[in-house]
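The block underneath contains the structure these notes are about, expressed in structure tokens.
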Amino acid sequence: MEINSILVTGATGFIGAHIVDALLARGLRVRGATRSPAKGAAMLKARPQYADRLEFVQIDDFEKPGGLADAVRGVDGIIHTASLFTYDTTNNETELIIPAINGVKAVFEAAASATNPVAIKRIVLTSSFASVIDVARNAQTPLAPYFTYTGSDWNPLSYEEAAAPTTSAVVAYRGSKKFAERAAWEFITEKKPAFDLVALCPPMTFGPVVHPVDSVEKLNESNAMLWKVASGEALPVARVPFWIDVRDLAEAHVNALLKEEVGGKRYTPTAPERFSYGLAADIIKGEFEGLKGKVSGESQDVDESYGLDGGSAGRELAFQYRGFRETVRDLVQQALEMQRVEKAGAAI
Ligand SMILES: NC(=O)c1ccc[n+]([C@@H]2O[C@H](COP(=O)([O-])OP(=O)(O)OC[C@H]3O[C@@H](n4cnc5c(N)ncnc54)[C@H](OP(=O)(O)O)[C@@H]3O)[C@@H](O)[C@H]2O)c1
């Protein structure tokens with residue numbers, strides 16, 4: 001499909017910045033949306049070779065969306081990846097769920113109202129495995145028969161359950177992704193805009209960072225878990241055994257945008273190999289001599305009780321999955337270097 005100029009929301013985030021780079025590598029024009037001109041400037045500064053094809057626009061927080069009419073002006077494709085991914089909340093509904101839904105509605109409404117010379121043809125939405133998984137089904141005792149989730153499955157969580165004040169931020173995040181994605185599909189069915197939608201529902205996403213990160217302690221939520229393992233903290237327990245490398249996920253987004261035949265589809269891109277933080281610990285000890293004595297020796301089973309279909313995304317979106325060793329090694333190597341630079345800076 002002929003798409004040349006793409007708006008990427010969340011372009012300064014962990015996944016969004018990789019998508020920006022993957023689009024630029026294909027020769028496309030990219031406009032990143034951010035609430036923070038400083039982060040946009042940092043992204044530009046790190047990519048001087050793309051000064052003629054990369055720009056940033058400022059948008060408002062999704063608590064009260066604004067700036068999107070300008071952001072969509074002149075683009076013919078959108079990748080909407082911005083959302084709130086944090087478990088550090090005091091009010092789940094107002095801090096996680098409502099802004100995620102607001103963000104989708106505002107982006108889709110701006111896209112449908114745009115009077116661009118070339119029409120917007122497609123929106124690719126970064127949803128999550130959180131909007132697919134049925135946690136109650138997985139917790140059934142005796143264990144439910146082996147089951148493989150696909151892009152046809154939906155998390156059955158109700159809005160009331162997700163937004164209840166007693167609900168944990170983890171559950172509320174699952175609700176934020178489900179109800180934001182639902183809003184996107186409903187927009188397509190009800191408003192019948194000129195563009196179509198492809199939704200990607202990845203599980204835990206790990207890998208090296210290409211977005212502005214002030215310090216190793218400020219890594220994004222998913223990579224921070226791997227850094228905890230490398231730092232010798234007690235091993236976290238993986239909520240799901242599925243993961244994808246951020247570079248593979250970025251390729252999946254770009255192909256989801258450009259491949260005409262995948263319009264209207266929903267995918268669950270996930271690497272064939274499963275993970276646990278115990279496996280990450282073993283890899284780190286094997287790859288980094290200096291961390292051998294530091295990283296936990298605890299062993300952890302990898303959850304094999306249910307599956308997730310990554311084959312459909314790999315085949316139809318035409319990308320290869322990296323192995324967990326490469327992903328863990330590349331992230332930890334980068335984080336150690338960030339830490340070394342920080343310590344050297346502090347010593348001056
Ligand atoms: N990381 C994972 O393991 C994972 C797994 C599955 C799905 N996902 C999904 O992938 C997407 C990106 O995740 P990520 O890990 O890259 O997160 P991230 O690093 O936190 O980036 C998200 C970006 O969204 C923007 N954003 C956050 N809150 C916002 C708000 N209230 N209003 C407007 N913009 C806001 C921010 O951009 P500015 O600060 O520049 O405005 C931020 O850079 C999210 O939709 C997330 O749910 C992530």
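Position 1 is the first residue of the sequence; numbering continues from there. What you are looking at is a predicted structure, and each value in this text was computed from that prediction instead of being measured.
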- E95/L84 under side chain to side chain contact (heavy atoms under 4.5 Å, CB included): CA gap, chis, key distance, verdict: CA-CA 8 Å; E95 291 170 41; L84 307 91; 5.8 Å; no
- Item | N255 and R26: CA distance, side-chain angles, deciding distance, side-chain hydrogen bond (donor to acceptor under 3.5 Å, both in side chains) verdict | CA-CA 11 Å; N255 290 344; R26 303 267 188 115; 2.8 Å; yes
- Message: What verdict does the side-chain hydrogen bond (donor to acceptor under 3.5 Å, both in side chains) test give for Y87 and N92, after you've listed the backbone C-alpha separation in whole Å, the side-chain angles of each residue and the deciding distance to 0.1 Å?
- Response: CA-CA 9 Å; Y87 298 136; N92 291 326; over 6 Å; no
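- Counting only heavy atoms from C-beta outward, the side chains of V8 and R31 never approach each other to under 4.5 Å.
- Counted within 6.0 Å of CD on E326, heavy atoms from surrounding residues, nucleotides or ligands total more than 12; the atom is thus considered enclosed.
- Contact of the L258 side chain with the L28 side chain is registered, since non-hydrogen atoms from C-beta on lie closer than 4.5 Å.
- Classification of R325 and E287 as a salt-bridged pair holds, one side-chain N sitting under 4.0 Å from a carboxylate O.
- No donor-acceptor contact under 3.5 angstrom links the side chains of Q58 and T34, judged on distance only.
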- Query: Given R47 and M43, is the side chain to side chain contact (heavy atoms under 4.5 Å, CB included) satisfied, shown in steps?
  - Reply: CA-CA 7 Å; R47 292 161 180 76; M43 286 281 293; 3.7 Å; yes
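- L200 and V20 fall within the same hydrophobic cluster, where Ile, Leu, Val, Met, Phe, Trp and Tyr residues are linked whenever their side-chain heavy atoms come under 4.5 Å apart, directly or through other members.
- One N or O on the side chain of T205 and one on the backbone of P203 form a donor-acceptor pair closer than 3.5 Å.
- Residues I123 and F187 have side chains not in contact (no heavy-atom distance under 4.5 Å, counting atoms from C-beta outward).
- Annotation for A280 and L226: closest pair CB-CD2, 3.8 Å, computed over non-hydrogen atoms.
- With a 4.5 Å cut-off on side-chain heavy atoms, C201 and E181 count as touching.
- Contact annotation: the side chain of I97 approaches that of Y159 to within less than 4.5 Å [non-hydrogen atoms, C-beta and beyond].
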- Kindly indicate, with the supporting measurements, whether the criterion side chain to side chain contact (heavy atoms under 4.5 Å, CB included) is fulfilled by V132 and F129. CA-CA 5 Å; V132 173; F129 181 46; 3.7 Å; yes
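- No salt bridge links R322 with E251; every basic N to acidic carboxylate O contact stays at or beyond 4.0 Å.
- Under the 4.5 Å side-chain criterion, counting only non-hydrogen atoms from C-beta, N223 is not in contact with V246.
- With a 4.5 Å cut-off on side-chain heavy atoms, P208 and R247 count as touching.
- In this model, a donor atom of one side chain and an acceptor atom of the other lie less than 3.5 Å apart for S305 and D303.
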- Take F14 and F85, measure what ring pair (Phe, Tyr, Trp, His ring centres under 6.0 Å) needs, and give me the verdict at the end. CA-CA 11 Å; F14 169 50; F85 184 28; 9.3 Å; no
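- Under a 3.5 Å cut-off, the side chain of T167 and the backbone N or O of E161 do form a donor-acceptor pair.
- Nearest approach of K121 to M1, heavy atoms of both residues: CD-CG, 4.0 Å.
- Using modelled atom types and a 3.5 Å distance limit, the side chains of D309 and T150 yield no donor-acceptor pair.
- Using a distance-only test at 3.5 Å, with no hydrogens or angles considered, no donor-acceptor pair links the side chain of R182 to the main chain of K177.
- Within the 3.5 Å criterion, the main-chain N or O of N155 finds a donor-acceptor partner in the side chain of K178.
- Distance alone, capped at 3.5 Å, is enough to place a donor-acceptor pair between the R122 side chain and the A256 backbone.
- The number of heavy atoms from other shown groups lying within 6.0 Å of CD (E289) does not exceed 12.
- Neither V72 nor I19 shares a network with the other; the hydrophobic side chains, linked directly or stepwise wherever heavy atoms of I, L, V, M, F, W or Y lie under 4.5 Å apart, form separate groups for each.
- Inter-residue side-chain proximity for K105 and N102 is flagged as unmet; no heavy-atom pair is nearer than 4.5 Å.
- The hydrophobic cluster containing F195 also contains V104, counting ILVMFWY residues as joined when their side-chain heavy atoms lie under 4.5 angstrom apart, directly or transitively.
- Within a 6.0 Å radius of CD in Q49, other residues, nucleotides and ligands contribute more than 12 heavy atoms.
- Residue F242 forms a ring-ring contact (aromatic ring centres under 6.0 Å, His included) with just one option from F324, Y321, Y306, F206, and that option is Y306.
- In terms of modelled atom types and a separation under 3.5 Å, the side chain of S231 and the main chain of W227 share a donor-acceptor contact.
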- Worked check of side-chain hydrogen bond (donor to acceptor under 3.5 Å, both in side chains) between N220 and S222: CA-CA 6 Å; N220 59 294; S222 48; 2.9 Å; yes
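- Atom CD of E337 has more than 12 neighbouring heavy atoms from other residues, nucleotides or ligands inside a 6.0 Å radius.
- The backbone N or O of N91 lies less than 3.5 Å from no partner atom in the side chain of T89, so there is not a single donor-acceptor pair.
- With hydrogens and angles disregarded, no donor-acceptor distance shorter than 3.5 Å links the side chain of W243 to the backbone of S276.
- Between the side chain of K64 and the backbone N or O of D61 there is no donor-acceptor pair closer than 3.5 Å.
- Between E186 and K191 there is no salt bridge, since no side-chain nitrogen of the basic residue lies less than 4.0 Å from a carboxylate oxygen of the acidic one.
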- Message: Using the rule given for side chain to side chain contact (heavy atoms under 4.5 Å, CB included), can you reason through T270 versus Y149, listing the C-alpha separation, both sets of side-chain angles and the distance that settles it, and then say yes or no?
- Response: CA-CA 11 Å; T270 186; Y149 287 98; over 6 Å; no
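- Both the sub-6.0 Å distance and the 45° axial angle are not jointly satisfied by R35 relative to the ring of F56.
- Placement of I79 and F319 within a single hydrophobic cluster is found when ILVMFWY residues are connected by side-chain heavy-atom separations under 4.5 Å, directly or transitively.
- Contact record, F179 with S158: CZ-C, 3.6 Å, taken as the closest heavy-atom pair.
- A donor-acceptor contact shorter than 3.5 Å is absent between the side chain of R29 and the backbone of R53.
- No side-chain donor-acceptor contact under 3.5 Å links Q300 and Y277.
- Using a 4.5 Å cut-off between side-chain heavy atoms of Ile, Leu, Val, Met, Phe, Trp and Tyr, with links allowed through other members, V75 and V30 fall into different hydrophobic clusters.
- Contacts of T9 classified as side-chain hydrogen bond (donor to acceptor under 3.5 Å, both in side chains), with partners at least two apart in sequence or in another chain: H80.
- Around atom CG of D52, more than 12 heavy atoms belonging to other residues, nucleotides or ligands sit under 6.0 Å away.
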- Run the side-chain hydrogen bond (donor to acceptor under 3.5 Å, both in side chains) check on S312 and R266 step by step: do they pass? CA-CA 10 Å; S312 304; R266 183 172 187 252; over 6 Å; no
